[in-house]
Protein chains: 2
Amino acid sequence: MNYQIELRHFIYFLAVAEELHYRKAAEKLFISQPGLSTQIKQMEEILGTQLFVRDKKKVSLTPAGEFLKKEVEFILNHLEQTKKQVKLIGEGQLGEVRIGFLGSAMQNVVPNLLLGLKEKYPTVHTTLEELSNRAQINAILADRLDLGFVRLSRVPKGLDVRPVFEDTFSLVLPAEHPLDEKNFKNINQVADEDFILFSQDYSPMYYDTVLSICEDSGFVPNVSHKSVHAQTIFKLVENKLGIAIVPTTLQHGFQMKVKFIEMKNIKQRAVLSMVWKTDNRNPALQKCMDLLMKL
Amino acid sequence: MNYQIELRHFIYFLAVAEELHYRKAAEKLFISQPGLSTQIKQMEEILGTQLFVRDKKKVSLTPAGEFLKKEVEFILNHLEQTKKQVKLIGEGQLGEVRIGFLGSAMQNVVPNLLLGLKEKYPTVHTTLEELSNRAQINAILADRLDLGFVRLSRVPKGLDVRPVFEDTFSLVLPAEHPLDEKNFKNINQVADEDFILFSQDYSPMYYDTVLSICEDSGFVPNVSHKSVHAQTIFKLVENKLGIAIVPTTLQHGFQMKVKFIEMKNIKQRAVLSMVWKTDNRNPALQKCMDLLMKL
DNA sequence: TCTATCTGATAATTCATACTTATTGATCAT
DNA sequence: ATGATCAATAAGTATGAATTATCAGATAGA
């Protein structure tokens with residue numbers, strides 16, 4: 001007596017409302033006519049309202065039935081759409097990947113990833129945020145970020161890392177500096193100059209690597225300035241306040257009166273890695289990873 | 001194997017999505033836990049998507065489940081409303097309009113609408129609820145409300161807004177305050193006093209507008225108290241804990257020892273707007289809108 | 001006035017399946 | 001170990017949505 005409306009009722013109702021004929025509607029639904037009759041009757045009981053007028057020889061909708069027909073059409077359409085969307089999200093087709101990156105990753109890795117995503121999974125949204133190594137790690141741990149691009153060799157437990165891009169280092173000199181690509185042999189030629197480097201706590205790995213480069217040539221650099229912005233470092237070099245060693249890709253994208261000398265012969269490389277939470281189940285992230293494996 | 005989704009599934013799903021705990025959800029639904037488990041599992045099979053992650057010791061929603069939860073909330077609300085409407089129409093009524101409003105809309109706009117409706121469409125039912133801006137927007141999106149009266153300049157996609165009433169602002173002062181309509185020239189005469197305002201998150205637009213009024217007179221107000229009730233604000237003013245700036249119509253309907261000075265000369269206006277879902281098909285809402293266009 | 005033939009509604013029966021209870025396996029805390 | 005607490009699984013039950021068979025009423029053609 002005290003049943004609950006079910007979608008079945010709506011589907012049956014719509015068929016009758018369209019056909020205005022029980023037998024035909026039942027045929028269309030591949031059920032028997034008596035079954036349809038009882039279900040519609042039950043529906044009217046649940047709603048407490050007559051939906052059809054069964055006159056002699058013909059069936060028609062009451063005003064309430066007329067209204068319900070429009071609503072049912074909407075509800076069933078909406079449902080169909082929802083089912084589709086749920087499936088897509090489940091497959092990672094829709095959804096969002098929150099990406100963090102170091103400024104130096106913006107030269108090629110991140111743009112390539114975004115282009116690839118746009119092409120292969122145009123329905124995946126991305127948000128971008130430029131953050132320091134440490135800030136990215138914290139954000140990933142706190143699930144404010146899905147994917148980070150950092151220069152770190154070690155990451156906390158629960159996170160995975162994978163190198164995605166290896167870059168040589170370049171010496172950055174003022175445009176008028178006597179050294180150039182031809183007469184440059186070894187970094188110890190500038191052992192006595194002041195060095196401008198990225199801050200130690202902004203990127204410990206970078207800092208250590210640069211020190212090891214100098215060490216390999218037998219000197220300890222005199223670090224006069226530290227900064228977290230490539231822009232600032234180049235500006236300082238331009239103004240002859242020192243020289244710098246940076247990942248080579250950073251030479252693009254800035255307009256400065258400085259020259260770059262790529263140091264291909266040294267073994268150290270600037271490694272950009274991606275980091276993510278091991279148990280991150282964001283399906284859109286998986287798509288990102290697949291793509292990055294191929295870059 | 002090839003079942004059909006039913007409303008039962010949605011109701012069960014929502015319970016689990018809310019409790020994130022099968023046994024508790026089952027208790028709430030007055031069914032057994034295994035029954036619930038199998039139904040959810042079946043639902044996931046039908047949709048072809050994982051909705052919950054059953055991790056060791058805890059249940060959580062997948063992104064697809066998160067999305068579905070919002071949709072199911074909407075669908076079930078909409079269905080409940082549809083059932084009501086059908087019943088009303090069946091009884092010869094035109095249906096129901098669910099109206100939300102800010103307290104400050106109760107002075108003239110909402111009562112006028114209700115009177116007009118009662119006169120022209122006596123068969124339209126109305127329900128009223130006083131809600132904040134944000135609560136109204138959420139309720140409209142979730143189909144718990146047909147029409148809202150808010151003070152907002154922007155609304156989410158899928159909603160329409162239309163200004164319905166423009167009001168001047170009034171300065172609210174304790175009855176004994178030296179300033180009055182005659183010697184009042186400019187708001188900067190009270191620049192040094194403490195201000196009591198409606199909370200920022202209750203009505204961002206109001207807050208910004210009041211700040212801009214002060215800014216135009218060259219000062220930043222010292223906001224000592226914030227409240228969501230006009231009553232409270234007036235009481236605080238009455239007790240000389242500060243002065244306030246409110247939409248002028250609020251001066252009616254309260255018995256307080258405060259005086260209002262209407263600031264006709266400033267350009268800012270308190271705009272009350274109506275909001276509704278663009279694709280709301282409630283026929284009773286249409287009648288409401290027709291009426292409001294003429295007010 | 002008969003039939004023949006439509007309609008949808010009932011009645012009796014069948015059968016699918018949403019439930020139940022009982023149990024298991026896994027994880028945690030003590 | 002031991003017990004507590006999860007969700008999942010297994011097996012049996014019972015609800016109610018189906019079926020078939022039939023009925024009652026209306027129309028139309030002789």
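Below, read A as the first sequence line, B as the second, and so on, with proteins coming before strands; counting in each chain starts at 1. The basis for the numbers below is simple: all heavy atoms, side chains too, and nothing from hydrogens, waters or symmetry mates.
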Answer yes or no: does a side-chain N or O of [X] lie under 4.0 Å from OP1 or OP2 of [N]?
| X | N | value |
| --- | --- | --- |
| B:S32 | C:dT20 | yes |
| A:R8 | D:dA17 | yes |
| A:Q42 | D:dG16 | no |
| A:Y12 | D:dA18 | yes |
| B:K41 | D:dT9 | yes |

Name the closest nucleotide to the [X] side chain, picking from [options].
| X | options | result |
| --- | --- | --- |
| A:R54 | D:dT19, C:dA9, C:dT7 | C:dA9 |
| A:H21 | C:dT20, C:dT7, C:dA11 | C:dT7 |
| B:T38 | C:dA18, D:dT9, D:dA7 | D:dT9 |
| A:S37 | D:dA10, C:dT7, C:dA9 | C:dA9 |
| A:P34 | D:dA10, C:dT10, D:dA17 | C:dT10 |
| B:R23 | C:dA9, D:dA18, D:dA7 | D:dA7 |

- Query: For the base of C:dA9, is there a side-chain donor-acceptor partner from A:Q33 under 3.5 Å away?
  - Reply: yes
- Polar side chain donor-acceptor pair, A:S104 to A:R151, under 3.5 angstrom: yes
- Query: Just wondering, are more than 12 heavy atoms of other shown residues or ligands nearer than 6.0 Å to NZ in B:K120?
  - Reply: no
- Query: Knowing that exactly one of B:T127, B:N282, B:D146 qualifies, which makes a side-chain hydrogen bond (donor to acceptor under 3.5 Å, both in side chains) with B:R98?
  - Reply: B:D146
What is the separation between atom [atom1] on [X] and atom [atom2] on [N], rounded to the nearest whole Å?
| X | N | atom1 | atom2 | value |
| --- | --- | --- | --- | --- |
| A:L51 | C:dG8 | CG | P | 16 Å |
| A:E27 | C:dG8 | CD | C1' | 14 Å |
| B:L20 | D:dA7 | CG | C1' | 14 Å |
| B:I31 | D:dA8 | CD1 | P | 13 Å |
| B:D55 | C:dA26 | CG | C1' | 13 Å |
| B:Q39 | C:dC19 | CD | C1' | 9 Å |
| B:I5 | C:dA18 | CD1 | P | 11 Å |
| A:F52 | C:dG8 | CZ | C1' | 13 Å |

- Item | Test: A:E129 and A:R144 ion pair at under 4.0 Å |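 Salt bridge flag = no for A:R144 with A:E129.
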- Message: Within this structure, what is the CG-CD distance for the pair A:L131 and A:Q136, rounded to the nearest 0.5 Å?
- Response: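 One finds 5.5 Å between CG of A:L131 and CD of A:Q136.
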- Take B:K24 and A:G35, find for each the nucleotide of DNA chain D with the closest heavy atom, and name the residue whose nucleotide sits nearer the 5' end.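 The residue closer to the strand's 5' end, by nearest nucleotide, is B:K24.
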- Message: Between B:F13 and B:H9, is the ring centroid distance below 6.0 Å?
- Response: no
